[in-house]
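Here is the structure we will look at, set down as C-alpha cells.
Within every chain, numbering begins at 1; the chains are lettered A, B, ... in the order of the sequence lines, protein sequences first and strands thereafter. All heavy atoms count here, side chains included; hydrogens, waters and symmetry mates do not.
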Amino acid sequence: MNLETILGTVVADAVKTLYGLETAVNQIQIQKTKKEFEGDLTVVIFPFVKAAHKSPEQTGKEIGEYLLQNNPVLSSFNVIKGFLNLSISQRYWLETLKDIHSNKQFGITVPTDQSDLMMIEYSSPNTNKPLHLGHVRNNLLGHSIAEIQKANGWRVVKTNIVNDRGIHICKSMLAWKLFGNGETPESSGLKGDHLVGKYYVVFDKAYKAEIKELTEKGLSEDEAKKSAPLILQAQQMLIAWENNDPEVRHLWETMNGWVYAGFDKTYKKLGVEFDKIYYESQTYLEGKGKVEEGLNKGVFYRREDGSVWADLTHDGLDEKLLLRADGTSVYMTQDIGTAKLRYDDYPINKMVYVVGNEQNYHFQVLSILLDKLGFDWGKSLVHFSYGMVELPEGKMKSREGTVVDADDLMDEMIESARETSQELGKLDNCTPEEIENIVRMVGLGALKYFILKVDPRKNMTFNPKESIDFNGNTGPFIQYTHARIKSVLRKAQEQGIDFSTLTDTQFPISEKESYLIQLITEFPTVVQEAGEEFSPALIANYIYDLVKEYNQFYHDFSILKEESFNLKQFRLVLSESIASIIKTGMGLLGIEVPERM
RNA sequence: GGUCUGGUAGCUCAGCUGGAUAGAGCAACGCCCUUCUAAGGCGUGGGUCAAGGGUUCGAAUCCCUUCCGGAUCACCA
C-alpha cells in the first residue's frame with residue numbers, strides 16, 4: 001500500500017471523527033507538495049470546510065493535529081490557505097529506501113504461466129518500400145508497450161502481419177521486370193528493401209508519364225488512370241499471382257525475400273522483434289467463411305450484384321463492404337480472418353493493434369463486426385491509435401520522396417553520437433568495440449527517446465533540418481546520468497565501501513534527498529499507469545524528472561568525499577537505486593543505458 | 001457535410017480524473033570544471049493556455065458556441 005492511500009485512510013478517519021462527514025478514501029485529494037512550500041504531501045482541505053463550519057485554515061489545522069497524533073509517519077505539518085502540507089519523517093523515507101534497494105523487481109510485476117495473455121500487433125509493413133519514420137514510431141511504440149505490459153504482469157505475444165501481396169507489390173515487381181535489367185541487392189549494393197522501393201518509385205514515374213500522355217490525347221484524368229498500359233499490366237500480374245502463375249510467384253518470392261532481408265536488418269538495429277509473424281498472402285482468404293456465416297445468421301446482407309455488406313447505421317456508422325461482387329475479400333474481411341486465426345493459435349485474453357489514428361474508423365468497425373459475429377473478444381479489442389509523424393511542411397509522402405528513411409535516420413543519429421563523443425573526448429580510453437557499442441546506444445537512445453517522450457495519441461513534428469538533440473530533455477541526458485552514477489559506484493567499490501544496504505536509518509538527510517526517495521516511490525504507479533493508458537511517454541517523462549532532480553543532487557552534494565559513513569552509504573544506496581530505475585525504466589522504452597559514456 | 005481529434009513561450013513538448021504564482025527542453029544572453037564524468041549545474045528574458053460564454057469557493061483542465069488545423073467517411077491496404 002502506498003503512502004497516499006495510508007494517509008488518505010487517516011484523513012477519512014479524521015474528517016469523520018471531527019466533523020461526522022463520511023468520505024471515500026479515493027475522494028480525498030492528496031498531491032505532492034509544490035516545491036515552494038514546506039512538506040512532502042498536501043491534502044486539499046476545501047471539500048471539508050462546509051461540514052466543518054470553519055475557515056479552511058482552521059479546518060486544516062484540526063485535521064493536521066489529528067493526523068499527527070494518529071500516524072507516526074508524519075513529523076510535522078503546516079497550513080497555507082486551504083492546503084494542509086504534511087512532512088513525512090526522515091526515518092520513514094530511509095526505511096522505504098532500504099526496502100526498495102533490496103527489491104530487485106521494484107516496480108515490476110513479473111508474469112507467470114497463469115497470467116493473462118495479451119497479443120500485440122505492430123509494425124505491419126508493406127513489402128514494396130523500406131521503412132520510414134512513421135514506421136519507426138509504430139515499432140518503437142509497439143515494442144515499448146509490450147515491455148510495459150510485461151512489467152504489469154501480462155504474458156505478451158508480439159505479432160506482425162506483413163502485407164506481402166496486392167496491387168502495390170505488383171507495381172514494384174512489374175517495374176523491376178520492365179526496367180530492372182536483372183538488378184539485385186548484390187549487383188547494386190543496395191539493401192533489398194531499398195532496391196524494391198526504388199522500383200516502386202520507378203513504376204509511379206512511368207505510370208504518371210503514361211497518364212500525362214493519355215490526357216494529352218484527350219482522355220479524362222480518371223480514364224487515363226484506369227487505361228494506362230502499366231496499371232493494366234500490374235492488374236494482370238495480380239491475377240496471375242492469385243492463379244499461382246509460376247513465373248510471377250517466383251519473382252514475388254525473390255523480391256519479397258530481398259525485402260525481408262532488408263527489414264530484418266532494420267528491425268535488428270531498432271531493437272524490435274516478434275514472436276509470431278503472419279503473412280497476408282496466407283491469411284487473406286480467411287474470413288470469407290466467417291462472412292458467409294454472418295450472412296446465414298442474417299447479420300450481413302447481399303446486394304443484387306452479389307456483394308456482401310454490413311449495415312452499421314444502427315451503430316451510428318455507415319454500411320461497410322465485406323465481400324466484393326466477384327467474391328474476393330477486402331481489408332476488413334482479412335482482418336476478421338486474421339483475428340480468428342490468432343485466437344485459434346493462442347489463448348488470447350486481450351488483443352491490441354498498434355495502428356495509426358488514420359484507421360480509427362476501421363477498428364471501430366472491426367470491433368463491432370467481430371462482436372456481431374459472436375466473438376466475445378470483439379468488443380474488448382484495443383486499437384492503440386497513435387498520431388502521425390509530420391514534417392514542417394505536412395505529411396510525409398512516399399511517392400514524393402519526402403519520407404525520412406528509417407535506416408538513414410538511424411545511421412545519422414549514430415554518426416552524430418560518434419562526432420559528439422569525439423569532440424568531448426569521452427571515449428578516448430575505450431576499445432573500438434566499446435566505442436561502437438556506446439555510440440550506437442547513444443545515437444539510437446536519442447532517436448527513441450525523442451519519439452517516445454511525446455504523447456502517442458498526438459501527432460508530432462519532426463524537422464529533418466534540425467538534428468535531434470543530445471542535451472536537455474533527451475535520451476543521452478538520461479544515459480549520461482546513469483553512466484555517471486555507475487562511475488561513482490565503481491569508485492566506491494574500488495575503495496571497498498559497503499553499500500549493499502543501509503546499516504542505519506536514523507540520521508538526518510536533506511530535503512533534496514528525501515524528495516528523491518519520494519520520487520523513487522512513485523515508479524510502480526507510473527509503470528502501472530503507463531500500462532493502463534498505453535503511454536510510454538509517462539515513463540519517459542517520469543525518468544526525466546527523476547534524472548533532473550538527481551543531477552541537482554549530484555551537483556550540490558558530494559558522495560565519496562562525505563565524511564559521515566551513514567551519509568556516504570546512504571547516498572550510494574540512493575544513487576544505485578536511481579541508476580537501477582533508470583535502467584529498468586529506459587528498458588521499458590527499449591532504450592539501452594551504457595555503463596560509461 | 002457527418003464522425004473523430006488537436007490548438008499551452010520564437011520552436012518541440014509536459015501539465016488536462018478541477019486546486020496554491022501554468023512547467024521543461026531547445027534557441028538567446030550571463031555565470032560555474034585544482035573537488036565523484038561540464039552530454040552537467042545555476043541564473044535572466046520569453047505566456048490574453050486559439051476566442052467568447054457557462055458551471056464552481058477555485059478552470060489550461062469540465063460544458064456550450066465560434067475560429068483555425070489534422071484524420072476519416074474507397075469494391076486501396
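- Residue-to-nucleotide proximity on RNA chain B shows that, of A:Ser421 and A:Glu529, the 5′-proximal contact is made by A:Glu529.
- A donor N or O paired with an acceptor N or O is found under 3.5 Å between the base of B:U37 and the side-chain atoms of A:Lys426.
- Note that the CD1 atom of A:Ile485 and the NZ atom of A:Lys583 stand 12.5 Å from one another [nearest 0.5 Å].
- Rounded to whole angstrom, the span from the NZ atom of A:Lys320 across to the P atom of B:A74 amounts to 7 Å.
- Looking at heavy-atom distances under 4.0 Å, A:Ser558 makes contact with a base.
- A tilted orientation is assigned to the rings of A:Phe384 and A:Phe534, their planes being inclined by 30° to 60°.
- Atom pair A:Asn471:CG and B:G25:P shows a separation of 11 Å (rounding to whole Å applied).
- Annotation: cation-pi pair A:Arg571/A:Phe557 absent, no NZ/CZ under 6.0 Å from the ring centroid and within 45° of its normal.
- Per the stacking criterion (ring centres < 5.5 Å, plane angle < 30°), A:Phe477 does not stack onto the base of B:A39.
- With hydrogens and angles ignored, a donor-acceptor pair closer than 3.5 Å exists between the side chain of A:Thr42 and the base of B:A20.
- In A:Lys512, the NZ atom is crowded: over 12 heavy atoms of neighbouring residues, nucleotides or ligands sit closer than 6.0 Å.
- When A:Asn459, A:Asp455, A:Asn138 are each tested for a side-chain hydrogen bond (donor to acceptor under 3.5 Å, both in side chains) with A:Tyr386, only one passes: A:Asn138.
- For A:Phe83 and B:A20, the ring-to-base geometry satisfies the stacking test (centroid distance below 5.5 Å, interplanar angle below 30°).
- Within the structure, a side-chain polar atom (N or O) of A:Arg324 is placed less than 4.0 Å from OP1 or OP2 of B:C76.
- Residue order along RNA chain B, read from the 5' end via each residue's closest nucleotide, puts A:Lys81 first among A:Lys81 and A:Asp469.
- Donor-acceptor pairing under 3.5 Å, judged by distance alone, is absent between the side chain of A:Asn551 and the base of B:A38.
- In this structure, OG1 in A:Thr33 is found 5.5 Å from CG in A:Leu41, a value given to the nearest 0.5 Å.
- Taking the O4'-C1'-N9-C4 or O4'-C1'-N1-C2 dihedral as appropriate, B:C11 has a value more than 90° from 0 and is therefore anti.
- Note that CD1 of A:Ile438 is 9.5 Å distant from CD of A:Glu595, once rounded to the nearest 0.5 Å.
- Listed by residue number, the members of residues 439-450 of chain A with any heavy atom below 4.0 angstrom from RNA chain B are A:Val442.
- By the stacking rule of 5.5 Å between ring centres and under 30° between planes, A:Phe46 stacks on the base of B:G19.
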